[in-house]
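In the text below, chain A, chain B and the rest are named by the order of the sequence lines, each starting its count at 1. Quick caveat, the model's predicted, so the values are computed rather than measured.
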Amino acid sequence: MFKQFEEKISYPKIEESILKFWKENQIFEKSISLRDEKNSFTFYEGPPTVNGRPGIHHVMARTLKDLVCRYKTMTGYQVHRKAGWDTHGLPIEIALEKELNFSQKSDIEKYGVAEFNKKAKDLVYHHIEMKEGWRTLTERMGYWINLDEAYITCTNEYIESVWWSLKELYKKGLIYKGFKIVPQCPHCETPLSSHELALGYDEVNDPNVYIKFKLKDEDASILVWTTTPWTLISNVALAVGEDIDYVKIKTEKHGVLYLAKARLSVIKEDFEIIEELKGKALLGKEYVPLFNYIPVDKKAWYVISGDFVSTEDGSGVVHIAPAFGADDYEVSKKYDLPFIQPVTKSGRFTDQVTDFAGRLVKSIQFQTHEEKGVDPDIIKNLKERGLIYRAGNDYTHSYPHCWRCDNPLIYYARDSWYIRTTEIANRMIELNKTINWCPPEVGAGRFGNWLEENKDWSLSRDRYWGTPLPIWLNEDGDMIVVGSIEELKEGFVERDGNKIFVKDLPKDEIDLHKPFVDEVKFEKDGKIYTRTPELIDVWYDSGSMPFAQWHYPFENKEIFESNFPADFICEGIDQTRGWFYTLHAIATLVFDNVAYKNLIVNELILDKNGLKMSKSRGNVIDPFLMFDKYGVDATRWYLVTTSPPWKPTLFDEEGIVEVQRKFFGTLVNTYNFFALYANIDKFNMSEEFIPYSERPEIDRWIISKLHSLVKEYTELMESYDVTKAARQVSNFTIDQLSNWYVRRSRRRFWKSEINANKLSAYQTLYECLLTVTKLAAPFAPFITEELYQNLNNVTKKENYESVHLAYIPKPKFIDTELEEKMEIAQRVVYLTRSIRAKNNLKVRQPLLKMMVAIDKSKRDALSKMEDVILEEVNIKKLIILDDDSSIVNKTAKPNFKVIGPKYGKLVKSLTNAIKLLDGNSIAKIEKEGELELTIENEKIKITNEDIEIVSHEIEGWLVESEEGVTVAVDTELNEDLIAEGYAREFVNRIQNMRKDANFDVIDRIKVAYFSDQKLFDYLNKFNDYISNEVLADEINFNSDLEKGFEQNFQIADFNCKIIIKKV
RNA sequence: GGGCCUGUAGCUCAGAUGGUUAGAGCGCACGCCUGAUAAGCGUGAGGUCAGUAGUUCAAUUCUACUCAGGCCCA
């Protein structure tokens, strides 16, 4: 027996039981072990940072990852997939600082690095395993990935692989220490890399200040604009553009000022232009420094030239502080300007800056409190000295913020370690061209541009919880780079004044983290090497996962080699400069290869109003809530089908409801219909298989449609267009299978004894259901499993334990001609229904005849579909009209695609001429294939191809027309038709009563009714028909049935009481 | 300021190698059908395909610019 679904299905409940089934039978494990290892498809899991709870956007990315892997499995590939967790770095440290109530970085030192790191490790493991955490989400949503052998970035093995790769880079001369302007987070007291910078731009209001720099040798000032007043203390020069036009103006209040002519709009008072001059003329002018806290050793405070100066904002003069800007630093080297660095790595002024010593340069939000920056006080100071032209705090722009603590960054000159990625930038660009990006524009555009502007990778971080930079230095700056634990063992530690070699330490004391690694020292040629204290960028960790997840090259050499590069990865667009970049950069650096061949980029998920989801707006969607309400399948299906992954998705719960009702509801309903009748007929696919060629037209049609679907689906999936693939499955199920095939074929299931025709219907519907189930399986893994089990457990046609171990079938029976035929039939039916609807003619009322005018080439197809059409529209006779039929009025329409290229400019006049052609001329073209016309004094022979002939009305009939098909319906009724209509009404009432009375579909009944004699006269003619339809053994007029089920009706003008009773 | 994407019905989205009637679902109104039945189907209202200019016999589609929104970069 096929299992029937209850009327009210609880999808979440089914999903729970499927999860159990998978677990007990190890289906996931089998989906890998049962596939040929030589036919592998490699997927890399981008490790989420295990920090806090997962959200709906994680469900999106994980659905895409999962469905591609499941699909590949179902096409025969072996798809290994290791989960991974990103466990190092600032996000974890910050979460922990919060927990420990620390307010600044130095608290960690006070607390003890060893203890801090131990806590960090505990925290990440807790986040992985906690309730409603990562493991729960992954399992509940059916994301199949190996969680038990996940790679975890904070293990010794992982770090050792990372170290190995760094040593490889060192050997290639790609690692160096440099003094550069870097984005520095004063809160976290660490530099960030440019890709981290990309993660944290925010719209903010900054100071908008115009300052007067007094010139030494004339009574005038240069007007300078800045948004960072705190950098003025380090000012050493002013830059102008040599070719920019400047003006010298006189004002009442502020005296004589120099500024760019194009920026005069900043002067809000009356002024007089005294002189116009080029920037060149200003070069060398000396000015009085604003501050002199710090003595300088070189010539400073004069006007220099800078090609970066623009007149787009400000005053057209840029103040130069070499310690705080990349342009400033570069130009200062060119002019040999002094370097003033009065700010510490934590963003505070040094004691040298007496008035502001210890003050923060920017406001910072600490865990416990906010501390204000120094800008307002500097402005106040300058104002008191009359040096401010104008000061506000209203300059709105996007400014980089720390991606984890949200505080504004400062550009800051300092020492740090770099990877020379610029050396392989061209190679990265080249390799990138071989990657299949979905969508392509992100790869060519966003990522491509990024590669072209490549800067060296700022690798080091001044933090605690992360992979240590494996570099040891001696006092001369000579370095040792450690590439493995073996090499580390050559070092020693000092314990109680004793020197102990690392190799002699117990194994569990060797922890590739701070503070242990800092203890280790090396001795070479009599010199002592100590570790440089920095960690590496956490993004380097995740970018190393292709090899580090396998502890390569220390173990698993073959596995790594056969699984590199990945065939497929999939992450959010925010990873363009994150993981996508670090994977690509490291693969290019270490292996001179790509790290992935195909990738799907997914966009943000917004709320239904298009706003970003955020806790403060309260519009965050909890994935677990969706799962409990609608189930995982509907949520997954909705996310994938509502818009392509690479377009922002507006998340609307209503959408899930609709998906569930329309697609899943229809699919399950269709299955239930099948199960109902198959059970009655004891059908189980053990019957003789009826070859497609011997099946009725409608069966061959749906089979052909099904196989066309498989073909299209496969093509789309192969090109990673998963949204379209799923939409096709849904359209087929709803429109073709349910609304046409099943509806058209219903009678075959519920009528008559079992014969070839009925068997054919069962076999056809079974195949459709089974195939649709398989196609939908990667997207909706649960309900498809349930359906597959229900179908296959009875028939035992396949011996796969799970739909996910089955194979996507190959399309083999496609009959395009037949599909086209049915399309014509469907069009005729729709047109006919439209006529009936417009004229209020119920379908239950049979009509005598209809006529169809259609192009010659399609007449044959139409006549083959006659039965389907007539039955569907309840009309007795179909007349297909010939060309020379005089009842059709024909006009001609130009076929622009043909005449356009042929006649060019004549098209306009020709169009008019064609539209004016009369019936005779059209008939002539139809008969002779051509007609001569004179257009603008040119003789033109138009042929059949040049025009399209449209039949648009039939005299005296109700007519509808569309795309070259014209349908006309004869609405005249006679007594027989009326009688038959009544009989149908009567049947309909009884069927409804059977339903209301809860009779079984196969129960036989007796019928009795009371009504007008006239109605009886009509109905009596159709007694056999009625009995047959309602399974009645007898029908009696004007008699009663004891204890029968009775109801009163109105049939046309007659009142009627009907009583039915089971036999 | 630069790059990329988006702009089609009240809403969510399709589509068109440029061809004269631009589609679907949801919502609304009115019908219909129903032995799958708390489904289904049809009809109707609703669109200057963001705007302007250009290329073309023909532009919603191609090009340029403008406007609006998003993401990214400076």
Enquirer: Using modelled atom types and a 3.5 Å cut-off, is there a donor and acceptor pairing between side-chain atoms of Thr421(A) and backbone atoms of Lys455(A)?
Expert: yes

Enquirer: Reading RNA chain B from 5' onward, which residue's closest nucleotide shows up sooner: Asp652(A) or Gln845(A)?
Expert: Asp652(A)

Enquirer: Within the structure shown, what part of the strands sits under 4.0 Å from Pro644(A) by heavy-atom distance: base, sugar-phosphate, or nothing?
Expert: sugar-phosphate

Enquirer: Quick one: is Lys647(A) getting a side-chain N or O under 4.0 Å of the A14(B) phosphate, OP1 or OP2?
Expert: yes

Enquirer: Taking only the P atom of each, what is the distance from G70(B) to U48(B) in whole angstrom?
Expert: 24 Å

Enquirer: Map Tyr638(A) and Val742(A) onto RNA chain B by nearest heavy atom, then report which one ends up closer to the 5' terminus.
Expert: Tyr638(A)

Enquirer: Which value, in whole Å, describes the distance between the P atoms of nucleotides G25(B) and A68(B)?
Expert: 35 Å

Enquirer: Using a heavy-atom cut-off of 4.0 Å across all strands, would you classify Asn672(A) as base, sugar-phosphate, or nothing?
Expert: nothing

Enquirer: What is the distance, to the nearest angstrom, from the CZ atom on Phe447(A) to the P atom on C72(B)?
Expert: 16 Å

Enquirer: Give RNA chain B the dot-bracket treatment, 5' to 3': Watson-Crick (N1-N3 with N6-O4 or O6-N4) or G-U (N1-O2, O6-N3) under 3.5 Å, [ ] crossing, | other strand.
Expert: (((((((..((((.....[...)))).(((((.......))))).....(((((..]....)))))))))))).

Enquirer: Between A16(B) and U63(B), how many Å separate the two P atoms, rounded to a whole number?
Expert: 16 Å

Enquirer: What pairs meet the salt bridge (charged side-chain N to carboxylate O under 4.0 Å, His left out) rule with one or both residues in residues 636-655 of chain A, with sequence neighbours excluded?
Expert: Asp66(A)-Arg636(A), Lys629(A)-Glu653(A)

Enquirer: Do Trp457(A) and Thr582(A) come close enough that some side-chain heavy atom pair is under 4.5 Å?
Expert: yes

Enquirer: Counting only N and O atoms by type, is there a donor-acceptor contact under 3.5 Å from the side chain of Asp456(A) to the main-chain atoms of Thr422(A)?
Expert: yes

Enquirer: Quick one: is C41(B) close enough that its OP1 or OP2 comes under 4.0 Å of any side-chain N or O from Asn739(A)?
Expert: yes

Enquirer: Using the C1' atom in both, what is the distance from G1(B) to G27(B), to the nearest Å?
Expert: 44 Å

Enquirer: Rounded at 0.5 Å granularity, tell me how far CD1 in Ile1005(A) sits from NZ in Lys1061(A).
Expert: 12.5 Å

Enquirer: Distance check: side-chain N/O of Arg743(A) vs OP1/OP2 of A36(B), anything under 4.0 Å?
Expert: no

Enquirer: When all nucleic acid strands are considered with a 4.0 Å heavy-atom cut-off, which category describes Arg446(A): base, sugar-phosphate, or nothing?
Expert: base

Enquirer: When rounded to the nearest Å, what value does the distance between C1' atoms of G19(B) and U6(B) take?
Expert: 27 Å

Enquirer: Say we look at G2(B) and U60(B): how far apart would their P atoms be, to the nearest angstrom?
Expert: 28 Å

Enquirer: Using the C1' atoms only, state how far A59(B) lies from G42(B), rounded to an integer number of Å.
Expert: 34 Å

Enquirer: Which whole number of Å gives the distance between the P atom of U21(B) and that of G15(B)?
Expert: 23 Å

